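Shown next, in C-alpha cells, is the structure this report addresses.
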Amino acid sequence: MKKILTILGQEVTIKFNMAVQISFEEITGKSFREINTDSSKDNFALAYAAIIANNPDTSITVGNLIHDASGAELNAVIKAISDSFAEWNNVPETFADDEDKK
C-alpha cells in the first residue's frame, strides 16, 4: 500500500519497503529489529526514512521536518508507514476500524 501525503507543502509517497528499513538503520545506526515504537526518536527516524527512501528528489530535510512539520503531518506519515509495514508483512488487523479510531 502506498499513500500520497502532503508534508510541508510537498507531495510525498509513503510506503514500506527495504529502502525504508535500510534508511532507518543508516539514520539510527541500529538494526531495524531494535526499533522502539515508544521512542519519539525512532518514530521520527522512521518517518524521515520513509520520506527520503520513497522520494529521493525531495528537498525536505531533517531540520525542516523537526522544526516546521506539524504534529498532524508527522502522525500521518507514521500511520501511513505503519499501515504499509503491516500490509508488507501480511499482519492481520487486530481491531475493527472503529476501534482503531478510539
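Nothing here was measured: the structure is a model prediction, and the numbers come from that model. Sequence positions, counted from 1, serve as the residue numbers for this chain.
- No side-chain heavy atom of L46 sits under 4.5 Å from any side-chain heavy atom of I27.
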Quiz item: Going through the distances and angles, do D83 and M1 end up as a side chain to side chain contact (heavy atoms under 4.5 Å, CB included)?
Solution: CA-CA 8 Å; D83 291 347; M1 169 188 110; 3.4 Å; yes
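- Using cut-offs of 30° and 60° on the angle between ring planes, the pair F16 and F32 is tilted.
- Ion pairing of D42 with K30 is present here, as a side-chain N (NZ or NE/NH1/NH2) and a carboxylate O approach within less than 4.0 Å.
- Cluster annotation: I60 and L74 are assigned to the same hydrophobic cluster (Ile/Leu/Val/Met/Phe/Trp/Tyr, side-chain heavy-atom contacts under 4.5 Å, transitive).
- At least one side-chain heavy atom of T58 sits under 4.5 Å from a side-chain heavy atom of Q10.
- A donor-acceptor pair under 3.5 Å is formed between the side chain of N17 and the backbone N or O of V20.
- A chain of hydrophobic side-chain contacts below 4.5 Å, direct or via other Ile, Leu, Val, Met, Phe, Trp or Tyr residues, connects M18 to I52.
- In plain terms, the two heavy atoms of I81 and A50 that are nearest each other are CD1-CB, 3.7 Å.
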Quiz item: Could you walk me through whether V62 and F44 pass the side chain to side chain contact (heavy atoms under 4.5 Å, CB included) check?
Solution: CA-CA 9 Å; V62 170; F44 180 83; 3.9 Å; yes
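- Judged by distance alone, the side chains of N64 and T61 do bring a donor and an acceptor atom under 3.5 Å apart.
- Between K2 atom NZ and E87 atom CD the span is 12.5 Å, to the nearest 0.5 Å.
- Taking CD1 from I35 and CZ from F85, the interatomic distance works out to 8.0 Å, rounded to the nearest 0.5 Å.
- If you take CD on E11 and CD1 on I4, they are separated by 6.5 Å, rounding to the nearest 0.5 Å.
- Without hydrogens or angle criteria, N54 side chain to K15 main chain gives a donor-acceptor distance under 3.5 Å.
- Side chain of N36 to backbone of D38: a donor-acceptor contact under 3.5 angstrom is found.
- Closest heavy-atom contact between S31 and F24: O-CE2, 4.2 Å.
- Checked against V77 for a side chain to side chain contact (heavy atoms under 4.5 Å, CB included), the options V12, I7, L65 give a single hit: I7.
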Quiz prompt | Pair L8-E73, side chain to side chain contact (heavy atoms under 4.5 Å, CB included): steps then yes or no | solution = CA-CA 8 Å; L8 299 171; E73 288 174 316; 4.0 Å; yes
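- In this structure, I14 is a member of the same hydrophobic cluster as I66, with clusters built from ILVMFWY side-chain heavy atoms closer than 4.5 Å.
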